[in-house]
J.: 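Here's a structure for you.
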Amino acid sequence: QVQLVESGGGLVQAGGSLRLSCTVSGSIFSISAMDWYRQAPGKQRELVATITRLGTTNYADSVKDRFTISRDNTKSTVYLQMNSLKPEDTAVYYCRPSWYTNWGQGTQVTVSS
């Protein structure tokens, strides 16, 4: 059973920054590509960023050049640095291994205008 613990969300003004963290239990972290998703109210969950086990990254067009995904395999943790935040970034953010089908509790990000 994989356990996912997301943290770092909060309320921030437009233009501000937040850094999300996600710690993954078990020994699978270092061999897994990791994804960050988000779900805004009334919208479908969308893939925001991916990082492979070797560190190759990919981003949704809506966050490219503003968000940075990174990982620390020694801590089984993946991060999402979010800069230049916009009100439309408001959502619950989730992480998970790319192959995993369940979700953690997520962390709420609210960006005020």
Side-chain angles (χ1 to χ4, degrees):
Q1 182 75 13
V2 175
Q3 289 191 327
L4 307 166
V5 180
E6 299 101 335
S7 63
L11 173 64
V12 63
Q13 288 188 331
S17 299
L18 284 173
R19 188 194 195 204
L20 307 184
S21 300
C22 171
T23 301
V24 182
S25 67
S27 60
I28 50 83
F29 181 85
S30 63
I31 63 172
S32 300
M34 293 294 300
D35 298 330
W36 278 102
Y37 285 80
R38 67 185 181 186
Q39 187 167 23
K43 295 188 176 181
Q44 287 191 328
R45 201 166 307 196
E46 63 171 342
L47 179 62
V48 173
T50 296
I51 185 166
T52 69
R53 63 184 182 90
L54 297 180
T56 301
T57 59
N58 196 38
Y59 299 93
D61 287 343
S62 58
V63 306
K64 203 169 291 184
D65 299 325
R66 298 188 298 121
F67 290 11
T68 302
I69 188 172
S70 61
R71 64 190 297 158
D72 185 340
N73 289 343
T74 66
K75 297 180 180 180
S76 296
T77 299
V78 62
Y79 304 97
L80 187 67
Q81 177 67 43
M82 306 186 296
N83 298 329
S84 302
L85 282 162
K86 304 175 181 180
E88 51 263 44
D89 295 317
T90 295
V92 179
Y93 285 71
Y94 303 87
C95 78
R96 68 176 187 182
S98 298
W99 53 268
Y100 196 57
T101 56
N102 290 339
W103 299 99
Q105 85 286 353
T107 186
Q108 174 72 48
V109 171
T110 303
V111 184
S112 63
S113 57

J.: Determine which pairs satisfy ring pair (Phe, Tyr, Trp, His ring centres under 6.0 Å) with at least one residue from residues 28-66, sequence neighbours left out, and list them in order.
T.: Tyr37-Trp103
J.: In the single-linkage hydrophobic clustering (I, L, V, M, F, W, Y; side-chain heavy atoms under 4.5 Å), do Tyr100 and Val48 co-cluster?
T.: yes
J.: Which of these, Val24, Val78, Thr23, sits in a side-chain contact (heavy atoms from CB on, under 4.5 Å) with Leu4?
T.: Val24
J.: Return yes if some donor-acceptor pair links the side-chain N/O of Thr56 with the main-chain N/O of Thr52 below 3.5 Å, else return no.
T.: no
J.: Does one hydrophobic cluster hold both Leu47 and Tyr94, with members joined at side-chain heavy-atom distances below 4.5 Å?
T.: yes
J.: Measuring from atom CG of Leu85 to atom OG1 of Thr90, what distance do you get when rounded to the nearest 0.5 angstrom?
T.: 8.5 Å
J.: Mind checking whether Val92 and Leu18 sit in one hydrophobic cluster, side chains of I, L, V, M, F, W, Y counted as touching below 4.5 Å?
T.: no
J.: Quick one: do the Asp72 and Thr77 side chains pair a donor with an acceptor below 3.5 Å?
T.: no
J.: Rounded to the nearest 0.5 Å, what separates atom CG in Asp89 from atom CE in Met82?
T.: 7.0 Å
J.: Nearest 0.5 Å please: distance from the CG atom of Leu54 over to the OG atom of Ser30.
T.: 10.5 Å
J.: Donor-acceptor pair, distance only, cut-off 3.5 Å: does the side chain of Gln105 make one with the backbone of Glu6?
T.: yes
J.: Roughly how far, to the nearest 0.5 Å, is the CG atom of Asp35 from the CD1 atom of Ile69?
T.: 7.0 Å
J.: List the residues meeting side-chain contact (heavy atoms from CB on, under 4.5 Å) with Ser62, not counting sequence neighbours, and say none if there are none.
T.: Arg38, Ala60
J.: Got a second to check how far Glu88's CD is from Lys43's NZ, nearest 0.5 Å?
T.: 8.0 Å
J.: Sequence neighbours left out, what pairs pass disulfide (SG to SG under 2.5 Å) with at least one residue falling in residues 53-113?
T.: Cys22-Cys95
J.: If you take all heavy atoms of Pro87 and Ala14, which pair is closest and at what distance?
T.: CD-CB, 4.1 Å
J.: Determine the minimum heavy-atom distance between Ile28 and Pro97, stating which atoms define it.
T.: CD1-CG, 4.2 Å
J.: Any donor-acceptor pair under 3.5 Å linking the side chain of Ser21 with the backbone of Ser7?
T.: no
J.: Hey, are the side chains of Trp99 and Val2 touching, using non-hydrogen atoms and a 4.5 Å cut-off?
T.: yes
J.: Do Phe67 and Leu20 pass the side-chain contact (heavy atoms from CB on, under 4.5 Å) test, and can you show the C-alpha distance, the side-chain angles, and the key distance before you say yes or no?
T.: CA-CA 11 Å; Phe67 290 11; Leu20 307 184; over 6 Å; no
J.: Are Tyr79 and Val109 connected, step by step, through hydrophobic side chains (Ile, Leu, Val, Met, Phe, Trp, Tyr) whose heavy atoms are closer than 4.5 Å?
T.: no
J.: For the CG atom on Asp65, are there more than 12 heavy atoms of other groups (residues, nucleotides or ligands in this structure) within a distance under 6.0 Å?
T.: no
J.: Closer than 3.5 angstrom, by distance alone: can the side chain of Arg45 be matched with the main-chain N or O of Gln39 as a donor-acceptor pair?
T.: no
J.: Could you measure the distance from the CG atom of Leu80 to the CZ atom of Arg71? Nearest 0.5 Å is fine.
T.: 13.5 Å
J.: I'd like to know if Asp61 pairs up with Lys64 as an ion pair, taking the criterion as any Lys NZ or Arg NE/NH1/NH2 lying under 4.0 Å from an Asp or Glu carboxylate oxygen.
T.: yes
J.: Side chains of Asn58 and Thr50: donor-acceptor distance under 3.5 Å anywhere?
T.: no
J.: Short question: side chain of Thr110, backbone of Leu11 - any donor-acceptor pair under 3.5 Å?
T.: no
J.: For the pair Met34 and Arg53, evaluate side-chain contact (heavy atoms from CB on, under 4.5 Å) and give the outcome as yes or no after the intermediate values.
T.: CA-CA 8 Å; Met34 293 294 300; Arg53 63 184 182 90; over 6 Å; no
